[in-house]
Amino acid sequence: MTRKLIILTDPGQDQAAAILMILGQREAFDVLGLVATAGNISLDHTITNCLKLVELAGRPDIPVFAGCPQPIIRPLVMAEHVHGPTGLDGAHLPMPAIKVQQRHGVDFIIDTVRAHPGEITICSLSPLTNLAVALRKAPDIAGKIVEIVAMLGAYFEVGNITPTAEFNCYVDPEAADIVLKAGIRTTLLPLDVTHQMRSTPERLQAMLAFGNRCSVATAEMLEFSQAFDLGKYGWEGAPLHGPCVPAFMLAPEIFSGRLISVAVELNGTLTAGMTVADWWQITDRPKNVFYVRDGDPNAYYDLLIRSLGNLP
Ligand code: RIB
């Protein structure tokens, strides 16, 4: 069955890999549009990066929409220290010929979900600002979205932007709180599983060896963005977060997790943006999330590399 996707993204090299992975699986995914989010870098850069990526993949037909320029309440926190000043540093992608759509990304979400009730999967690689605003502006869409599959949160692996918070949640915890309380079927791919997916030199070499422009560009981007995490964690490869979202949709059997309650800390001075995952089901809070804790790295990279190899 082909899934209709709306992709929420603030590329970021790892999200570029995720977007290209999705576009390399045309039988599995019908991408209705990308909503550029402010996050890793500013909105103007994420818009440009989305346009660059659909052109790189030979899919200039896929519309790109601009979302909100900042989180719902908090000032924007970015991650240029990881992704570089443009967010896609590492690959030399030409400036795009195509243009961003005029319609706001929030209105695109609302209009598209209403036009396809019971058909849309929200594929979230970014902070959840635009989905949260859409839910506030049009509460009816909550019952029309099939599911949300999102890279967000951490519990056993703790935080990456603070000691307790994962970046996508930390940037806009109020948005994450709104979305996780909306009653929509939701799967989270947190740092607990993405940290198992490490881009070792062998895996990056296998990606390069395919030789097509999308595989080469992805390997070049990841070779740039890995520097910060290799220095931080000292692992044999940097964690590759974004592609866990399409990988879960393509091959859920290579992952494992459980349905639990996940809540977002909003008020802690040290813990704001923390996802409080009730893994041992200590509370009676509603089980609102399928929380993915483990995955098979070899199967993951095989799937990613094969998907990229399907592209130009
Ligand atoms: O916390 C990791 C995630 O935050 C990555 O997807 C990165 O691109 C940022 O969005």
Side-chain angles (χ1 to χ4, degrees), residues 7-22 34-43 45-46 49-50 53 67-68 70-71 76-91 122-131 148-173 175-176 179 187-199 218 221-222 224-230 232-233 235 237-248 262 264 272-275 277 291-292 295 300 304:
I7 300 174
L8 314 179
T9 180
D10 55 327
Q13 293 88 350
D14 71 297
Q15 297 183 36
I19 293 165
L20 293 173
M21 181 178 190
I22 290 166
L34 277 61
V35 178
T37 307
N40 282 319
I41 37 356
S42 58
L43 182 62
H45 282 302
T46 60
N49 293 348
C50 287
L53 289 168
C68 300
Q70 62 190 33
L76 180 60
V77 171
M78 297 188 283
E80 293 155 306
H81 59 289
V82 177
H83 302 283
T86 74
L88 291 188
D89 294 70
I122 303 290
C123 168
S124 182
L125 308 171
S126 72
L128 287 163
T129 309
N130 295 297
L131 180 55
I148 300 164
V149 186
M151 193 278 134
L152 183 132
Y155 194 64
F156 298 93
E157 271 295 296
V158 296
N160 58 0
I161 190 70
T162 75
T164 57
E166 179 276 324
F167 181 81
N168 285 334
C169 195
Y170 182 72
V171 168
D172 200 339
V179 171
T187 296
L188 294 184
L189 285 299
L191 297 182
D192 305 316
V193 66
T194 69
H195 277 189
Q196 299 171 33
M197 311 304 179
R198 299 175 185 178
S199 295
T218 302
M221 284 188 272
L222 296 181
F224 176 92
S225 60
Q226 71 177 357
F228 179 81
D229 282 338
L230 290 178
K232 175 179 178 181
Y233 297 114
W235 293 337
L240 184 54
H241 309 287
C244 284
V245 174
F248 179 82
V262 176
V264 180
M274 179 178 182
T275 43
Y291 192 87
V292 179
Y300 174 75
L304 168 61

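Note that ligands are numbered from 1 as they come in the structure, with each ligand's atoms numbered from 1 the same way. Keep in mind that the numbers below use all heavy atoms, side chains included, and drop hydrogens, waters and symmetry copies. Everything numeric here is computed off the predicted structure, so don't read it as measured data.
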Specify whether W235 and H195 have parallel, tilted or perpendicular ring planes, treating 30° as the upper limit for parallel and 60° as the lower limit for perpendicular.
perpendicular
Could you go through the side-chain contact (heavy atoms from CB on, under 4.5 Å) check for M151 and N168 one step at a time?
CA-CA 8 Å; M151 193 278 134; N168 285 334; 3.5 Å; yes
Do L88 and L53 pass the side-chain contact (heavy atoms from CB on, under 4.5 Å) test, and can you show the C-alpha distance, the side-chain angles, and the key distance before you say yes or no?
CA-CA 10 Å; L88 291 188; L53 289 168; 4.1 Å; yes
Distance-only side-chain donor-acceptor flag, D89 / T86, under 3.5 Å
yes
Heavy-atom cut-off of under 4.0 Å around ligand 1: list whichever protein residues fall inside it, by chain and number.
D10, D14, Q15, N40, H83, L125, M151, N160, E166, F167, N168, H241
Identify the residue among L128, I161, N40, L76 that makes a side-chain contact (heavy atoms from CB on, under 4.5 Å) with V171.
L76
With heavy-atom distances below 4.5 Å as the criterion, would you say the side chains of L191 and P239 are in contact?
no
